[in-house]
Structure formats: structure tokens, C-alpha cells
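Any value given below was found using the heavy atoms of this structure, including those in side chains, with hydrogens, waters and symmetry copies removed. In the text below, chain A, chain B and the rest are named by the order of the sequence lines, each starting its count at 1.
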2 protein chains.
Amino acid sequence: MGADLVPKLQFSLDPKSGVPYYKQIILQIEMAIADNRLTQGDQLPTVRSLAVDLQINPNTVARAYNELEIRGIVNTQQGTGTFISDKPVMIDDVEKERILAEITRPFISKASSYGFTIGEIIDFLKEWGD
Amino acid sequence: MGADLVPKLQFSLDPKSGVPYYKQIILQIEMAIADNRLTQGDQLPTVRSLAVDLQINPNTVARAYNELEIRGIVNTQQGTGTFISDKPVMIDDVEKERILAEITRPFISKASSYGFTIGEIIDFLKEWGD
DNA sequence: TTTATTGTACTAATACTTTAATACAACAAT
DNA sequence: ATTGTTGTATTAAAGTATTAGTACAATAAA
């Protein structure tokens, strides 16, 4: 049946962090995608299994998966599971820029308020992988 | 008495945006700093005057100013007012990188999950000013 | 068709966030 | 010292977010 199930991911929750559980799950998935531990078609743990694993309610896991689905990051089918989506083929370049701008604006705004310049940020990003 | 008071800024609140008032104020100040409408030493409107202006409670304005103060963006003195801080002279380069990394990580993580690459992001930032 | 697997809906309890009312305290100017 | 300015503290009300309990529904596999 294709895609591996997932000991690829090791989820963990920090109850003291102040970050809600469902957001911690989202962040861990986002990070895993960012560094290619998760890629197109990979199945996420089932709502129930992850809930048992983390000792939380299934709805909390479902909520995380739902938000990711709304963003198009995963797709979900009842009876089947939740999978990492194909990266959106953003056909429309204008739309693509719009989304990137939307993500970028608050980042630049905050960085600037700390005194960082665009130049510094670019230089920093060039080193990001290392 | 030095620094101008401030018709430099035109604050406005959108009650329908879902963004809390105090956060809207913070964002508007961050943006104003980012594009140099506010610079070192500029005085912000007083807690009271801005509260009257926006027809909200002074504490709501104070809360915005407080968060900015905690971040070192403004400094505040009772009886005197709230002023844009000197940009922190981050003497320690390591510390500087640490802060920038902290701001950058969630941004990259989210952008990646949308399928954007670091390269695309850098290219996009190069055009940012235009 | 039955069974096991997967996600979903609804509800309620709890905690946190946001805002305002009101009163207070520090500082500056005179 | 007094007055007017500035930010601050305390409290309470209302809304929102978060999570869990429980029951349900869709799909897949046998």
C-alpha cells in the first residue's frame, strides 16, 4: 500500500512551554517538512495512535491535522489516514508572491524593529543550511 | 525639549480584524520603525492621548507599550513618556545571531511548508524595497 | 455484508486572553 | 509644595481558546 507509516517522526509535547498541544504538533510537522524528514505522500500517524502516544485526546491531534489540511499541507481521508500533500503547484505566480509576501511581512517587520536590515537578513539566510 | 511629539503616526484600529487592539498598536509601531517613520528618540503618543484618540482604555495602550518595552523597542518613564529606544548595540555577535535565528526559524519553517525554498525567499527579499 | 480502521461532530469544563473601570504612583514644571 | 503630566496596579467582566468525553460516520479490508 505504498507510503511508509511513520517511525520517521518522533513527536513530543512540552506541557510547560505554554504552546498549546495542537500547535506543538503543527510546528513539529512543519519542521519535519522543512528539512525533508517528511515528504509528499508520507503518512502521518493516525489521529488515534498519536493521541495514545502523546496521551492526549484524539480531537487535539485532529485539530492539528485539520489546520494543516486547511493550509493545504496535508490531506486527509476518513478510513485511510492523513498524508503529506504534494507541494502546491502554484500555477499563478501572482498568487505565489501574494502568499510569500503575507508570510514575509510580519517577519521583516519584527526583524527590522530589532534593528536588523534586509541586507543582514539576506546574508543570514544564505548561511541557513550550514 | 528635544524630540517631536507625534503627528508622525496615524494609528487606527480595525475592530473586525480579529486582531486584538494592543497587537494592532504594536504592529503599527513595528511597521513605522521598519520604514523609518519612527526613529531613535521619537516620542510615542501618551498612553492617555492615544487611548482617547482610539477610544479605548488607557491600559490597552499601556499594554502595547509594555510589550515593546520588554523587547527593548521602546523605553518608558513615568511622568515623561514613551520613546523609541536606541537600536540595541548588539555588542555580542553571537547574541545577535541568536536573536535573528530565533526570529527566522519559524518564518523559514512556515515558508518551507508552503513549498518555498530558501533561494526563492532570498530572491523575494532582494526585491522587498520596491 | 461485516468488521476494523480511519477521521469527525457535538458538548462541556477549564483556562487563558483581552478589555475596561477605577484608583494609584512617579516624575516634571512651576 | 503644588499642580499637571506621565505611566501603573488592581480588579472584574466578557469573550475566546484549548482540551477532553463521548458518540458518530466514512472508508477499506476481509
Side-chain angles (χ1 to χ4, degrees), chain A residues 1-6 11-29 41-85, chain B residues 1-6 11-29 41-85:
Chain A
M1 238 246 34
D4 280 333
L5 236 153
V6 185
F11 288 93
S12 68
L13 297 179
D14 177 359
K16 287 175 274 186
S17 73
V19 180
Y21 291 158
Y22 81 95
K23 279 187 187 157
Q24 294 188 38
I25 294 170
I26 290 174
L27 285 169
Q28 288 174 43
I29 293 170
D42 284 344
Q43 180 171 14
L44 292 172
T46 68
V47 161
R48 264 181 195 68
S49 70
L50 186 51
V52 169
D53 214 38
L54 297 174
Q55 309 192 47
I56 59 178
N57 191 281
N59 278 326
T60 304
V61 177
R63 176 164 185 185
Y65 287 5
N66 266 305
E67 266 194 39
L68 290 169
E69 165 132 69
I70 289 169
R71 292 199 220 150
I73 309 293
V74 304
N75 54 12
T76 265
Q77 255 164 359
Q78 202 158 333
T80 308
T82 301
F83 302 83
I84 305 297
S85 305
Chain B
M1 243 242 28
D4 279 334
L5 235 152
V6 185
F11 288 92
S12 67
L13 297 179
D14 177 359
K16 286 175 275 185
S17 72
V19 180
Y21 290 159
Y22 81 95
K23 278 186 188 157
Q24 295 190 38
I25 294 171
I26 290 173
L27 285 169
Q28 289 174 44
I29 293 171
D42 285 344
Q43 180 170 15
L44 291 172
T46 69
V47 161
R48 265 179 194 68
S49 70
L50 185 52
V52 170
D53 214 38
L54 297 175
Q55 308 192 48
I56 59 178
N57 191 280
N59 277 327
T60 304
V61 177
R63 176 166 184 185
Y65 287 6
N66 266 304
E67 267 196 37
L68 291 170
E69 164 131 70
I70 289 169
R71 291 200 222 149
I73 309 292
V74 304
N75 53 12
T76 265
Q77 257 165 356
Q78 204 158 329
T80 309
T82 301
F83 301 82
I84 304 298
S85 306

Atom pairs under 3.5 Å: protein N/O with N/O of nucleotides 20-23 of chain C:
{"unit_1": "C:dA20", "atom_1": "OP2", "unit_2": "B:Asn57", "atom_2": "N", "d": "2.8"}
{"unit_1": "C:dA20", "atom_1": "OP2", "unit_2": "B:Thr60", "atom_2": "OG1", "d": "3.0"}
{"unit_1": "C:dA21", "atom_1": "N7", "unit_2": "B:Asn57", "atom_2": "ND2", "d": "3.2"}
{"unit_1": "C:dA21", "atom_1": "N6", "unit_2": "B:Asn59", "atom_2": "ND2", "d": "2.3"}

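- Between A:Gly79 and B:Val19, the residue anchored nearer the 5' end of DNA chain C, judged by the nucleotide with its closest heavy atom, is A:Gly79.
- Atom CD in B:Gln78 sits roughly 4 Å away from atom C1' in D:dG7 (whole-Å rounding).
- The phosphate of C:dG7 (OP1 or OP2) has no side-chain N or O of A:Thr80 nearer than 4.0 angstrom.
- B:Thr76 has its side chain out of reach of B:Asn66: every pair of non-hydrogen atoms, C-beta onward, lies at least 4.5 Å apart.
- The distance between atom CG of B:Asn75 and atom P of C:dC27, rounded to the nearest whole Å, is 14 Å.
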What's touching nucleotides 12-17 of chain D from the protein side, N or O pairs under 3.5 Å?
none

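- Of all non-hydrogen atoms in B:Val19 and B:Gln24, the two that sit nearest each other are O-NE2, 2.7 Å.
- Across B:Ile29 and B:Tyr65, no two heavy atoms sit closer than the pair CD1-CE1, 3.9 Å.
- Residue B:Asn75 comes nearest to B:Ser85 through the heavy atom pair N-OG, 3.3 Å, listed as atom of the first residue, atom of the second, then distance.
- In this structure a side-chain-to-backbone donor-acceptor pair under 3.5 Å is missing from A:Gln77 to A:Thr82.
- In this structure, A:Leu54 places its CG atom 16 Å from C1' of D:dT18, rounding to the nearest Å.
- When the P atom of D:dT19 is taken as reference, atom CD of A:Glu67 falls 11 Å away, rounded to whole Å.
- Residues B:Val61 and B:Ile56 have side chains in contact (heavy-atom distance under 4.5 Å, counting atoms from C-beta outward).
- Residues A:Leu54 and A:Phe11 form a side-chain contact, since some pair of their non-hydrogen atoms from C-beta on lies under 4.5 Å apart.
- Atom NZ of A:Lys16 and atom C1' of C:dA15 are 19 Å apart (whole Å).
- Rounded to whole Å, atom P of C:dT6 lies 12 Å from atom CG of A:Leu50.
- B:Pro45 and B:Ser49 make their closest contact through CB-OG, 3.7 Å (heavy atoms, listed as atom of the first residue, atom of the second, distance).
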As a quick check of understanding, evaluate side chain to side chain contact (heavy atoms under 4.5 Å, CB included) for B:Val74 and B:Leu44, giving each step before the final call. CA-CA 9 Å; B:Val74 304; B:Leu44 291 172; 3.9 Å; yes
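- Contact between the side-chain N/O atoms of B:Asn66 and the OP1/OP2 oxygens of D:dG7 is not found at any separation under 4.0 Å.
- Between A:Gln43 atom CD and C:dT6 atom P the separation is 8 Å, expressed in whole Å.
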